[in-house]
Amino acid sequence: MQNNSLIQVKNVSVRFESKDHVIEAVKNVSFDVSKGEIFGIIGSSGAGKSTLVRTLNRLADPSSGQVIIDGTDIKTLTGHQLQAFRFQVGMIFQNFNLASSKTVYENIAFVLKAAGKKGDAVKNRVQELLTLVDLSDKANAYPAELSGGQKQRVGIARALANEAKILLCDEATSALDPTTTTAILELLKQLNQEFGLTIVLITHEIDVVKKICHRVAVMSQGEIVEINNTFNLFARPIQSFTQNFLNVDENTNLPEVIKQNAQGKLVRLRYVNENATQPILYQAAMETKVAFNILHGFIEYFNEQALGNLVIELIGEPENILNLIAKLQHQGVIIEDIN
């Protein structure tokens with residue numbers, strides 16, 4: 001085991017049997033998550049993400065393979081050992097899963113009491129958690145009186161109540177508006193930075209992993225098809241599924257009518273770091289006598305790293321176009337043919 005690996009998933013498969021067939025929700029998945037890492041798993045609905053994340057706290061057991069947390073194969077845990085382990089792995093959900101008949105204070109206190117805490121230990125910890133998630137004034141409110149973002153903050157406080165070292169997030173921002181989503185992601189980043197909290201986050205929302213994750217796994221039909229650090233995944237997606245998934249989400253797939261009417265060669269350019277802010281396309285086009293038509297484009301920033309994404313039509317002599325592409329590639333531009 002790597003020294004800093006907190007989570008190891010080894011060849012995990014999860015199968016569900018019905019009367020006439022077997023559904024393989026997760027297929028031979030392997031990955032590690034380091035201590036203090038924010039690890040994202042993205043994919044479309046039905047990819048197996050939720051089933052996979054539930055194997056990390058044994059809400060679902062693998063049909064085969066191992067899940068090792070902090071050096072322990074969690075399938076060997078039973079009784080009090082399993083209960084103690086689950087206190088260390090908090091989880092938050094899309095629909096919040098709060099008890100509607102309990103106040104905010106009672107929702108959080110419940111999990112502390114379940115762990116055997118009593119009296120002032122419960123009271124002090126709840127107050128500490130409410131301060132942490134900026135809900136000190138909502139202790140006596142009921143879930144129905146809270147906004148979606150406030151409900152998720154309660155969910156986070158409850159998940160961390162017993163000093164959890166891992167937080168699993170199952171589509172935790174999918175029910176929230178963009179502004180509230182950003183606020184919740186900022187809170188998760190703060191918890192990660194201040195307490196070294198390890199976070200495994202599953203989502204179908206590309207923007208979520210861009211904003212918060214250190215590394216990302218792409219999942220399709222129960223399998224992980226690609227893993228990379230977040231910047232490299234978006235700058236240099238290797239697998240065709242990943243390329244298509246990201247391009248559809250970023251709205252860089254061109255309408256068929258545009259492709260059919262194109263007079264020249266259609267390419268997608270990805271500029272990395274300093275290339276994203278330099279006029280290298282213009283310079284190369286002037287040198288090779290190739291005209292270009294910009295069909296789509298934007299620049300994104302991952303912390304201090306810039307990634308430019310441009311879809312263009314190149315018009316000119318075939319040899320000149322090849323020269324232009326060679327010049328761009330020589331300067332580190334990533335080029336994808338989309339004709």
Side-chain angles (χ1 to χ4, degrees), residues 38 40 42-44 178 182 204-220 224-339:
I38 303 177
I42 60 172
S44 52
T182 297
H204 64 275
E205 298 174 293
I206 298 294
D207 281 344
V208 169
V209 297
K210 284 180 180 177
K211 288 176 180 176
I212 192 173
C213 293
H214 301 133
R215 283 193 306 142
V216 181
V218 181
M219 200 167 181
S220 174
I224 286 181
V225 297
E226 190 164 349
I227 298 178
N228 210 331
N229 71 58
T230 305
F231 182 80
N232 284 338
L233 183 78
F234 286 92
R236 304 177 180 86
I238 296 170
Q239 301 300 325
S240 58
F241 175 84
T242 307
Q243 293 169 2
N244 292 333
F245 184 77
L246 300 185
N247 290 336
V248 168
D249 191 87
E250 293 172 341
N251 198 27
T252 57
N253 272 358
L254 296 177
E256 283 302 318
V257 66
I258 299 295
K259 292 182 180 180
Q260 291 169 6
N261 292 335
Q263 299 176 21
K265 183 178 183 64
L266 298 177
V267 294
R268 178 178 289 103
L269 311 180
R270 287 190 172 92
Y271 299 82
V272 179
N273 291 327
E274 63 273 5
N275 282 342
T277 56
Q278 299 297 319
I280 57 177
L281 173 61
Y282 172 78
Q283 292 170 349
M286 291 287 289
E287 292 170 5
T288 57
K289 298 180 181 180
V290 173
F292 62 89
N293 181 24
I294 297 175
L295 303 175
H296 186 88
F298 56 88
I299 297 177
E300 296 181 289
Y301 295 91
F302 296 72
N303 294 319
E304 296 181 358
Q305 292 183 289
L307 175 61
N309 199 318
L310 201 62
V311 179
I312 62 173
E313 178 184 13
L314 298 174
I315 302 168
E317 294 297 324
E319 184 178 350
N320 291 347
I321 290 175
L322 289 176
N323 287 337
L324 172 107
I325 289 173
K327 282 179 176 291
L328 294 177
Q329 288 176 327
H330 181 70
Q331 296 189 68
V333 178
I334 302 157
I335 301 177
E336 177 188 343
D337 191 330
I338 57 174
N339 271 103

Test item: Thr288 side-chain N/O and Ala284 main-chain N/O as donor-acceptor pair under 3.5 Å: yes
Met219/Ile42 under side-chain contact (heavy atoms from CB on, under 4.5 Å): CA gap, chis, key distance, verdict: CA-CA 6 Å; Met219 200 167 181; Ile42 60 172; over 6 Å; no
Shortest non-hydrogen contact between Ile299 and Ala306, atoms and distance: CG2-CB, 4.5 Å
side-chain contact (heavy atoms from CB on, under 4.5 Å) between Phe292 and Leu324, intermediate numbers included: CA-CA 11 Å; Phe292 62 89; Leu324 172 107; over 6 Å; no
Student check: side-chain heavy atoms of Ile280 and Tyr271 closer than 4.5 Å: yes
From CG (Leu307) to CD1 (Ile334), nearest 0.5 Å: 7.5 Å
Intermediate values then yes/no, side-chain contact (heavy atoms from CB on, under 4.5 Å), Val272 and Arg236: CA-CA 10 Å; Val272 179; Arg236 304 177 180 86; 3.9 Å; yes
Close side-chain approach of Ile338 to Val311, heavy-atom, < 4.5 Å: yes
Leu246 side chain reached by Phe234 side chain, heavy atoms, under 4.5 Å: yes
Beyond-backbone contact of Leu310 with Phe298, side-chain heavy atoms, under 4.5 angstrom: no
All salt bridge (charged side-chain N to carboxylate O under 4.0 Å, His left out) counterparts of Glu287, not counting sequence neighbours: Lys327
Minimum side-chain heavy-atom gap Leu328-Ile335 below 4.5 Å: yes
Exam field: side chain Asn273 to backbone Gln305, donor-acceptor pair closer than 3.5 Å: no
Donor-acceptor contact below 3.5 Å, side chain His214 vs main chain Ile38: yes
Heavy-atom pair with the smallest gap, counting every atom of Ile224 and Ala217: CD1-CB, 3.9 Å
Least distance between heavy atoms, Pro237 atom then Thr242 atom: CB-CG2, 3.8 Å
CZ on Arg268 to CD on Gln243, rounded to 0.5 Å: 8.5 Å
Test item: Val218 and Ile227 side chains (from C-beta on) under 4.5 Å apart, heavy atoms: no
Rounded distance [0.5 Å steps], NZ in Lys265 versus CD1 in Ile312: 11.0 Å
Donor-acceptor under 3.5 Å (Glu226 side chain, Ile238 main chain): yes
Under 3.5 Å: donor-acceptor pair, side chain of Asn261, backbone of Val257: yes
Under 3.5 Å donor-acceptor, Asn232 side chain and Asn228 backbone: no
Side chains of Leu233 and Phe231 in contact at under 4.5 Å (non-hydrogen atoms): no
Any Asn309 side-chain heavy atom under 4.5 Å of Glu300 side chain: no
Whether Glu313 side chain and Leu266 backbone form a donor-acceptor pair below 3.5 Å: no
Test item: side-chain donor near acceptor, Lys210 and Thr230, under 3.5 Å: no
Salt bridge Lys289-Glu317, side-chain N to carboxylate O under 4.0 Å: no
